[in-house]
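Submitted below is the structure of interest, expressed as structure tokens.
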Amino acid sequence: MKVLIAAAVVTLALPVFLDGKQLGIYVLAGLAAMVTVGLSLLMGQAGQISLGQASFYAIGAYTAGLLSVHGTAPVLGLLAAPVVAAAFAAVVGAGVLRLRGHYLAFATLAMQLILLSVLAQSTWAGGAIGLQGIPRLSVGGFELAEDIQYAYLVWAGLAVVLVVAHNLVRSRPGRGLRALATSEVAAAASGVPVGRYRLAVFTLSAAFAGLAGGIYAFYLGYLGPGSFPVLLSIEYVVMAVVGGLGTLAGGVVGAVAIVLLVQALNELATSPGMPSYAPSVLSYAVYGLLLVVVVLWLPRGIVPALRGKERT
Amino acid sequence: MILRANGLRRSFDGVFAVRDVDLDVAHGELRAVIGPNGAGKSTLFALIGGQLRADAGTVTYDGTRIDRLPPHRRAAAGIAVVFQGARVFTGMTVLENVMVGAHAGTRTGFGAAIARLPRHRREEREIRDRARESLARAGLEDWADRDAGALPLGQQRVVQVARALCGRPRLLLLDEPASGLRAGERARLADLLGELRGEGITMLLVEHDVAFVTRLADRVTVLDLGQVIAEGTPAQIRADDRVVAAYLGATA
Ligand SMILES: Nc1ncnc2c1ncn2[C@@H]1O[C@H](COP(=O)(O)OP(=O)(O)OP(=O)(O)O)[C@@H](O)[C@H]1O
Ligand SMILES: [Mg+2]
């Protein structure tokens, strides 16, 4: 509890001391954390993996962007973002979550590839160039124009995600989820509707990603298919695993750690003398290495390792 | 009759595990199911609990067909299972394991839990109380906060018993619940099953320990090679030549 309050205070105070570029990193880390908390819930609590979580981020972003470009109040666009992303997840998940095994991983990966090519070819979505001129978010006449305001919006968004996830984990359905991740047979025999629960947590994780995507759209002001590569989905998986699956703090810690690392790598890869393919090669190599390191030395991820022993 | 199986049949790779089994179990009865290894006892339980689908035949519970229902619906109807293997939820405490068992009779969904509705709080308290009560009955209070996966295998089975009880079942399927227990723990479990019978819970019990079975069971069904070869009171079964040949003879 003390750690939690300290973290809240520090992260609330932090934006005041950051310059423009650092604020950008703060926002991106917070958005990534919102996505990763949901993914960590899906992987750690329900034992399923999604390789297309960035597509829900994209759906949320495009939902908010398209609605507000066409004159809907930006707030409504932001509220619609998680709803539409969740609806997509419900449709995709309903088909594959009944099946045993990791069909969800393939289905979500396929979904993202399809989504990216549809977005790139659709004029209504701005095609490959993307969606331009998304207005700033405004709430009741108050417009969020400064980066620092978006930093606080992200803070609030992450807080909502964490409260929702926390409430879920410590509840009847939350126990059902954790139970089915270890023994599907025994969970079902205890009355847990395994398929429905999996679908619900998958849908919820998509809603988190969609909300993050909605904030992203207003923060950036433009969107393109290139902002949501498959690599981003892999990044979320790495964040969740590195932070520690099944712990909410793990999602946040993993996301922040990777965003900072990627930032450092980018500086390195774009420094003079580096070949043009350096950024992508470096990031893939580092993800691979990181996964190996975590699996070998911190199999439960950073947060559980810091806590020293298992706690759920 | 609370449970009626008719012509139940299930094979694996062309070999029958359960073959044309008929079974009638009366309300409140404690029915033992015995038979040599591989006789089909666990398969029969899985067909009743819903873990396996039958190739043919029907299962009627409380007058309604349940053989097409998924297992969680059968649990909601009042059927609880204690599996032969270790099937506790590792990484969760013993208390949490038992609380999962209350799923059957409770309702809080994702929305109510996330919104922390008063209804959720009330039910959460009720589930916790019920789980503590079930733990106490199974003699596991002292283990409540341990990781269930860290318990000895015998105790893990007792956790399953407590988990099953927490759902307030009307039909309890127990697949070798006493194996791996020491004599004292075994006696304690036998006492508990006796109490449950006194409360009117119908039970199906698979157990290799003949003394354990004869002390508790109202009636005994003997399976061999997937078929029912005898059925009757414990005394009748002990006197049955086919049973002695197929089963008791081998161990006595
Ligand atoms: N999932 C399965 N796949 C293939 N064969 C199976 C499966 N489950 C059971 N069998 C086979 O079905 C037969 C009956 O098995 P079952 O487990 O029901 O016996 P049992 O009476 O419970 O035995 P035990 O006393 O050893 O627990 C055995 O020959 C077994 O090998
Ligand atoms: Mg068996």
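Order of the sequence lines fixes the chain letters, A, B, ..., with proteins taken first and strands second; residue numbering starts at 1 for each chain. Since the structure is predicted, the reported quantities are computational estimates derived from the model, not experimental observations. In what follows, every heavy atom counts, from backbone to side chain, and hydrogens, waters and symmetry copies are set aside.
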Query - Proximal component of B:Gln160, with respect to chain A [non-hydrogen, under 4.5 Å] - result: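 B:Gln160 has no heavy atom closer than 4.5 Å to chain A.
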Report task. Look only at the side chain of B:Arg157 and the backbone of B:Pro177, and say whether a donor-acceptor pair between them is shorter than 3.5 Å. Result ->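 Checking the backbone N and O of B:Pro177 against the side chain of B:Arg157, no donor-acceptor pair under 3.5 Å is found.
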Requested in this report: Sort A:Ser190 into side chain, backbone, both or neither according to what part of it lies under 4.5 angstrom from a heavy atom of chain B.
Outcome: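 For A:Ser190, the contact with chain B is made by backbone and side chain together.
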Report task. Take B:Glu29 and B:Thr202 through the side chain to side chain donor-acceptor pair (under 3.5 Å) test and state the conclusion after the steps. Result -> CA-CA 5 Å; B:Glu29 178 179 344; B:Thr202 310; over 6 Å; no
Report task. Report the option among A:Ser183, A:Gly195, A:Ala165 that has the most heavy-atom pairs separated by less than 4.5 Å from atoms of chain B. Result ->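 Looking at each option in turn, the highest pair count goes to A:Ser183.
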Query raised in the report: Do other residues, nucleotides or ligands put more than 12 heavy atoms under 6.0 Å from the CZ atom of B:Arg68?
Result: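 Result for CZ/B:Arg68: open.
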Requested in this report: Using a cut-off of under 4.5 Å on heavy-atom pairs, state which of A:Leu204, A:Val163, A:Val194, A:Val164 scores highest against chain B.
Outcome: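 Highest number of pairs under 4.5 Å: A:Val164.
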Requested in this report: For each of B:Arg74, B:Arg107, B:Arg163, tally heavy-atom pairs with chain A at distances under 4.5 Å, and name the one with the top tally.
Outcome: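 Most heavy-atom pairs within the cutoff with chain A belong to B:Arg107.
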Query - Most contacts with chain A, counted as non-hydrogen pairs under 4.5 angstrom, among B:Glu124, B:Arg116, B:His120 - result: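 Winner by heavy-atom pair count: B:Arg116.
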Query raised in the report: Considering only heavy atoms, which portion of A:Ala187 lies under 4.5 Å from any heavy atom of chain B: side chain, backbone, both, or neither?
Result: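 Both backbone and side chain of A:Ala187 come within 4.5 Å of chain B.
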**Report entry** Any donor-acceptor N or O pair under 3.5 Å, side chains B:Arg65, B:Thr58
**Finding:**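 No.
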Report task. Please determine if B:Asp62 and B:Arg170 form a salt bridge, counting it only when a charged side-chain N lies under 4.0 Å from a carboxylate O. Result ->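 A salt bridge links B:Asp62 with B:Arg170.
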**Report entry** N/O donor-acceptor pair under 3.5 Å between B:Asp175 side chain and B:Phe83 backbone
**Finding:**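 No, because the side chain of B:Asp175 does not come within donor-acceptor range (under 3.5 Å) of the backbone of B:Phe83.
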Query raised in the report: What residue, out of A:Arg172, A:Arg175, A:Arg196, has the most heavy-atom pairs lying under 4.5 Å from chain B?
Result: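 Going by pairs under 4.5 Å, I would pick A:Arg172.
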Query raised in the report: Which of the residues B:Ile127, B:Ile79, B:Thr106, B:Val81 is involved in the greatest number of heavy-atom pairs with chain A at under 4.5 angstrom?
Result: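 The candidate making the most pairs under 4.5 Å is B:Thr106.
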Query raised in the report: Can a donor-acceptor pair be found between the side chains of B:Glu185 and B:Gln155 at a distance below 3.5 Å?
Result: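 Distance-only check passes for B:Glu185 and B:Gln155.
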